[in-house]
Colleague: 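Before I ask anything, let me first share the structure, which is written out below as structure tokens.
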Amino acid sequence: MTAQLNAAWARRFIDLATDVVTTKRVDLSELDRAIGDGDHGENLARGFAAANRAVQESEADTVGGVLKLVATTLMSTVGGAAGPLYGTAFLRAAKVSNVEAIDAVGVHTLLDAALEGIVARGKANAGDKTMVDAWTPAVEAAGEASAAGESPAATLRAAADAAARGAEATEPLVALKGRASYLGERSVGHRDPGAESSALLLDAAARAAAEDSA
């Protein structure tokens, strides 16, 4: 089993991420239409398609090099709040992974840096019904998995599963940030689109790692 994840993993991650946000773009936009602008899915599909092209055409040979390219592309192609938030997340992740390969501890460090970037950019906390509600349990699960000696792939799987549960748990919350906060109590019963897309992206990262470990 592969003990570390390298640039090839990062490239495959972005490839799978592009596939899933393209496939789920209508579902994501419908979630966003209920409590936001209604363009989250289309924005992400456009941004990741551009990022994937940039990554596949580049000669980046480190995890961080690939993630930095994704960050700059998302910032320049994704509108609304999602572009700056995901761009900052990928940029922070790139800064702590500018190496040829990362182990399970490196996976936790990468995810934690991404969360710190999202919090710094969005000024949101857990419980505000934002993507932070997916990333926070993901980082916690990754920390527990890496501390237990799990592989990078298992660490990412634990993070992705926790993110999915976190996204689902946003449904009964009242939105306290962004356009959804204007709805107040009427935001209850709707899943946060950013939390859902975060869970999809982390699942793509975990699936890429599982392929790498097979």
Side-chain angles (χ1 to χ4, degrees), residues 13-55 67 70-93 114-115 117-138 160-207:
F13 160 36
I14 300 307
D15 198 29
L16 291 176
T18 302
D19 283 346
V20 75
V21 296
T22 300
T23 302
K24 297 288 188 179
R25 65 185 186 281
V26 173
D27 294 339
L28 290 170
S29 289
E30 286 181 352
L31 288 176
D32 193 31
R33 190 169 296 111
I35 59 175
D37 294 333
D39 56 3
H40 188 61
E42 295 299 335
N43 278 338
L44 280 190
R46 182 178 62 255
F48 271 90
N52 196 29
R53 286 194 297 272
V55 166
L67 299 184
V70 174
T72 56
T73 306
L74 291 180
M75 286 179 174
S76 64
T77 58
V78 178
L85 287 169
Y86 275 127
T88 303
F90 274 91
L91 191 59
R92 293 289 186 93
L115 172 59
I118 292 168
V119 170
R121 173 66 69 173
K123 312 298 182 188
N125 298 305
D128 286 350
K129 198 181 181 86
T130 71
M131 62 174 64
V132 172
D133 292 308
W135 282 89
T136 297
D161 290 347
R165 293 191 293 273
E168 183 177 3
T170 62
E171 293 181 8
L173 298 178
V174 176
L176 300 178
K177 288 289 182 180
R179 183 176 291 272
S181 66
Y182 301 156
L183 298 177
E185 293 289 340
R186 286 182 292 150
S187 65
V188 172
H190 301 284
R191 187 174 302 196
D192 180 70
E196 180 66 11
S197 62
S198 295
L200 293 175
L201 294 179
L202 287 169
D203 182 69
R207 286 187 286 121

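Bear in mind the structure is a predicted one, so any value in this text is a computation, not a measurement.
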Colleague: Given 3.5 Å as the limit, does a donor-acceptor pair link the side chain of D192 with the main chain of A195, or not?
Modeller: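 Yes: the side chain of D192 pairs with the backbone of A195.
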Colleague: Between F48 and V78, does a side-chain contact (heavy atoms from CB on, under 4.5 Å) hold up when you go through it step by step?
Modeller: CA-CA 9 Å; F48 271 90; V78 178; 6.0 Å; no
Colleague: Side-chain contact test, heavy atoms from C-beta onward, threshold under 4.5 Å: evaluate it for E30 versus V26 and give yes or no.
Modeller: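 Yes, side chains in contact.
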Colleague: Is there a side-chain contact (heavy atoms from CB on, under 4.5 Å) between M131 and I118? Walk through the geometry before answering.
Modeller: CA-CA 8 Å; M131 62 174 64; I118 292 168; 3.8 Å; yes
Colleague: Which value, rounded to the nearest 0.5 Å, describes the distance between L67 atom CG and T72 atom OG1?
Modeller: 11.0 Å
Colleague: Keeping the roles fixed (side chain from K177, backbone from T130), state whether a donor-acceptor pair exists under 3.5 Å.
Modeller: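 Not at all, since once roles are kept as given, no pair shorter than 3.5 Å links the two residues.
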Colleague: Report yes or no: does S29 contribute a side-chain atom to a donor-acceptor pair with the main-chain N or O of G41 at less than 3.5 Å?
Modeller: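 Yes: the side chain of S29 pairs with the backbone of G41.
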Colleague: Kindly say whether L44 contributes a backbone atom to a donor-acceptor pair with the side chain of R25 at under 3.5 angstrom?
Modeller: no
Colleague: Are the side chain of S187 and the backbone N or O of A175 linked by a donor-acceptor pair below 3.5 Å?
Modeller: yes
Colleague: Counting distance only, does the side-chain N/O of D128 pair as donor-acceptor with the main-chain N or O of N125 below 3.5 Å?
Modeller: yes
Colleague: List the steps and the verdict of side-chain contact (heavy atoms from CB on, under 4.5 Å) for R207 and V20.
Modeller: CA-CA 11 Å; R207 286 187 286 121; V20 75; 4.2 Å; yes
Colleague: I'd like to know if the side chain of S197 reaches the main chain of G194, judged simply by a donor and an acceptor atom lying under 3.5 Å from each other, with no hydrogens or angles considered.
Modeller: yes
Colleague: Would you check if D15 and N52 make a side-chain contact, meaning some heavy-atom pair closer than 4.5 Å?
Modeller: yes
Colleague: Any side-chain heavy atom of M75 sitting closer than 4.5 Å to one from T88?
Modeller: yes
Colleague: Please check if the side chain of Y86 supplies one atom and the backbone of V70 the other of a donor-acceptor pair under 3.5 Å.
Modeller: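 Side chain of Y86 to backbone of V70: no pair is present.
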Colleague: Find out whether V174 and E185 are in side-chain contact, i.e. whether some heavy atom of one side chain is under 4.5 Å from a heavy atom of the other.
Modeller: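 Side chain of V174 against side chain of E185, heavy atoms only: contact under 4.5 Å found.
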Colleague: Before accepting this row, confirm whether a basic side-chain N of the pair K129/D133 lies closer than 4.0 Å to the acidic partner's carboxylate O.
Modeller: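 Salt bridge between K129 and D133, a charged N being under 4.0 Å from a carboxylate O: no.
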Colleague: Please check: side-chain N/O of T22 versus main-chain N/O of T18, any donor-acceptor pairing under 3.5 Å?
Modeller: yes
Colleague: Start with the C-alpha distance between D37 and R179, add both sets of side-chain angles, then the distance that settles side-chain contact (heavy atoms from CB on, under 4.5 Å), and finish with yes or no.
Modeller: CA-CA 8 Å; D37 294 333; R179 183 176 291 272; 2.4 Å; yes
Colleague: Let me confirm one number: the CD-CG distance from E42 to D32, rounded to the nearest 0.5 Å.
Modeller: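 Rounded to the nearest 0.5 Å, the CD-CG separation comes out at 11.0 Å.
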